[in-house]
Asker: 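Just dropping this structure here.
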Amino acid sequence: MPQTPLHATHEKLGASFTDFSGWEMPLKYGSELEEHRAVRNDVGIFDLSHMGEITVQGPDAAAFLDYTLISDFSALKDGKAKYSMIVAEDGGILDDLITYRFSENHFMVVPNAANTAAVWAAFEARKGDFDVQLTNNSESFALVAVQGPRALEVLEPLLSDDASALSYYSGAWMTLDGVETFVARTGYTGEDGFELFCASDDAQKVWDAVIGSGTPCGLAARDSLRLEASMPLYGHELTAEITPVEAGMGRAFAKKEADFVGKDALLGREPSVVIAGLTSEQRRAAREGAEVFLASSDEKIGVVTSGQPSPTLGYPVALAHLDPQHAEEGTEVEIDIRGRRYPFTIAPTPFYSRKDA
């Protein structure tokens, strides 16, 4: 099973590990609740080196991405990032990913670890006559995330340039404690934060530079943080069985003029389900796979895709695929949890938003 370049360091820190997308990754180092709270109130440090990195270079780089993904990349400015999706011909989601534009002819696409091979295969299959060079740099890159209210404070003394000048979803090459690093103001926690891309050989130096100022955090905290922020996770909210229309991403291609894979399947499509938030005043949390019913009814309207108690809010939260006809906020529902139904309410998302957002 693959391990990140920082695996030995995680062992020394006492991490417990889990199989995540075929990688042996730190689940937690002690208390996942303390790790979660560190990100909400201070700063947490994550090793995300399992994520993929695919470089797209050449005169047709933007046009290739316009065709390959659902969004418009020709209009993306240098130093900016865009969240998007790649779909099959039938519109089914193959992955959700972030693309960074370094320059007019140079982009970096970051797919999820579980889907890197599928995204790479799709990129190669769609290259056609586009004048581009595709490079899978996933094994040569490492990624360390610094997330939380003090993220900027931690990084400022270490960086060659002013990270405060970076707006949300932008990035720039800088040196961090002497290491060439792409510093992106992105993240998956609902907090301000930065993701630090560097060569795998430099991962230890980058980690050592920041870990003394923050709490090491594993995948358990990352999952509870992203759920509070209502960020979808591939394999849960997002799958090949639904399209970007169901995922609420129809705006990405609503005005897109360029042809793209999946266009015919997506344009004019009505959603078969919607991704909705659920909360409850009782303490029992709904988990993935739990069925959702209209209150006081046997009419099933959906299924939970992610759910757990919210450490920040103090009550259960969940995301679910629901029938669009019954997904109005405020609707009372019941969720079957191990044979007994519990009351929940369809709620606005995100469940949590940081105060300075």
Side-chain angles (χ1 to χ4, degrees), residues 20-23 48 50-54 56 64-73 76 81-100 107-127 134 136 138 169 186-188 222-223 226-227 229-256 258-277 288-289 302-307 318-324 327 349-350:
F20 184 79
S21 303
W23 287 74
L48 305 179
H50 61 311
M51 300 289 282
E53 290 88 12
I54 297 173
V56 181
F64 169 78
L65 290 171
D66 286 347
Y67 174 73
T68 301
L69 308 181
I70 66 170
S71 303
D72 181 358
F73 292 90
L76 192 65
K82 185 184 286 286
Y83 173 79
S84 187
M85 293 178 178
I86 181 170
V87 302
E89 290 281 358
D90 66 0
I93 300 170
L94 298 178
D95 198 19
D96 65 324
L97 29 71
I98 295 178
T99 299
Y100 300 91
F107 296 76
M108 180 174 71
V109 181
V110 181
N112 287 296
N115 298 328
T116 298
V119 171
W120 174 248
F123 272 37
E124 288 193 303
R126 297 175 189 184
K127 181 179 179 181
L134 305 176
N136 189 346
S138 302
Y169 261 66
T186 48
Y188 194 55
R222 190 166 184 249
D223 193 47
R226 71 92 190 170
L227 179 56
S230 302
M231 295 178 173
L233 176 63
Y234 196 89
H236 295 258
E237 287 70 47
L238 307 178
T239 71
E241 281 66 55
I242 68 167
T243 77
V245 174
E246 281 75 21
M249 283 288 289
R251 65 187 182 280
F253 53 82
K255 298 181 179 180
K256 184 174 178 178
D259 187 26
F260 63 95
V261 176
K263 181 177 182 178
D264 291 342
L266 295 176
L267 291 182
R269 178 185 175 91
E270 294 295 326
S272 58
V273 298
V274 295
I275 300 173
E288 179 186 5
V303 62
V304 172
T305 53
S306 298
L319 293 174
H321 286 170
L322 298 183
D323 181 338
T349 55

Asker: Any side-chain heavy-atom pair from T68 and V261 closer than 4.5 angstrom?
Answerer: no
Asker: How many angstroms lie between atom NZ of K256 and atom CG of D66, to the nearest 0.5 angstrom?
Answerer: 5.0 Å
Asker: Rounded to the nearest 0.5 Å, how far does CG of L267 lie from CZ of F260?
Answerer: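 Separation between the atoms: 5.0 Å.
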Asker: So, does D96 use its side chain to make a donor-acceptor pair with the main chain of Y234 at under 3.5 Å?
Answerer: no
Asker: Checking the side chain of R226 only, and the main-chain atoms of Y188 only, is there a donor and an acceptor separated by less than 3.5 Å?
Answerer: no
Asker: Do F73 and S84 have side-chain heavy atoms sitting under 4.5 Å apart?
Answerer: yes
Asker: Say whether, by atom type as modelled, one donor and one acceptor occur between the side chain of T305 and the main chain of L319 under 3.5 angstrom.
Answerer: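 At least one qualifying donor-acceptor pair exists.
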Asker: For D95, what residues pass the salt bridge (charged side-chain N to carboxylate O under 4.0 Å, His left out) criterion, not counting sequence neighbours?
Answerer: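 Not a single residue meets the salt bridge (charged side-chain N to carboxylate O under 4.0 Å, His left out) criterion with D95.
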Asker: Roughly how far, to the nearest 0.5 Å, is OG1 of T239 from CD of E237?
Answerer: 10.0 Å
Asker: Any side-chain heavy atom of L65 sitting closer than 4.5 Å to one from V109?
Answerer: yes
Asker: What residue among L69, V110, N115, T116 forms side chain to side chain contact (heavy atoms under 4.5 Å, CB included) with L97?
Answerer: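 The option that passes is L69.
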Asker: Is the closest side-chain heavy-atom distance between L134 and V56 below 4.5 Å?
Answerer: yes
Asker: Please say whether more than 12 non-hydrogen atoms of neighbouring residues, nucleotides or ligands are located less than 6.0 Å from CD in E270.
Answerer: no
Asker: Do you know which two heavy atoms are closest between S306 and H236, and how far apart they sit?
Answerer: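 Minimum heavy-atom contact is OG-CB, 3.7 Å.
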Asker: Going by ring pair (Phe, Tyr, Trp, His ring centres under 6.0 Å), name the residues that satisfy it together with F123, two or more places apart in sequence or in a different chain.
Answerer: F64
Asker: Could you pull out all residues at least two apart from Y67 that satisfy ring pair (Phe, Tyr, Trp, His ring centres under 6.0 Å)?
Answerer: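 Per chain and number, Y67 pairs via ring pair (Phe, Tyr, Trp, His ring centres under 6.0 Å) with F130.
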Asker: Any chance CG of D264 has more than 12 other-residue heavy atoms, nucleotides or ligands included, within less than 6.0 Å?
Answerer: no
Asker: What are the two closest non-hydrogen atoms of A229 and P350, and how far apart are they?
Answerer: O-CB, 3.3 Å
Asker: Grab the two heavy atoms, one from I98 and one from Y169, that are nearest each other, plus how far apart they are.
Answerer: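 Smallest heavy-atom distance, with atoms named: CD1-OH, 3.3 Å.
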Asker: Does K263 reach the main-chain N or O of F253 with its side chain, forming a donor-acceptor pair under 3.5 Å?
Answerer: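 Judged by distance alone, no pair lies under 3.5 Å.
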Asker: Determine the minimum heavy-atom distance between S71 and A252, stating which atoms define it.
Answerer: OG-CB, 3.7 Å
Asker: Do you know which two heavy atoms are closest between P111 and I54, and how far apart they sit?
Answerer: CG-CD1, 4.3 Å
Asker: Could you grab the distance from atom OH of Y83 to atom CE of M231, nearest 0.5 Å is fine?
Answerer: 9.5 Å
Asker: Which residues pass the ring pair (Phe, Tyr, Trp, His ring centres under 6.0 Å) test with Y100, sequence neighbours left out?
Answerer: F182, F197
Asker: For A247, check side-chain contact (heavy atoms from CB on, under 4.5 Å) against everything at least two apart and list the hits.
Answerer: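 So A247 forms a side-chain contact (heavy atoms from CB on, under 4.5 Å) with M85, I93, L238, I275.
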Asker: Give a yes or no on whether the backbone of T243 and the side-chain of E246 come within a donor-acceptor separation of less than 3.5 Å.
Answerer: yes
Asker: Hey, are the side chains of S21 and N112 touching, using non-hydrogen atoms and a 4.5 Å cut-off?
Answerer: no
Asker: For R126, give me all partners under salt bridge (charged side-chain N to carboxylate O under 4.0 Å, His left out), at least two apart in sequence or on another chain.
Answerer: none
Asker: Work out which heavy atom in A122 is nearest to a heavy atom in I86; give both atom names and the distance.
Answerer: CB-CD1, 3.8 Å
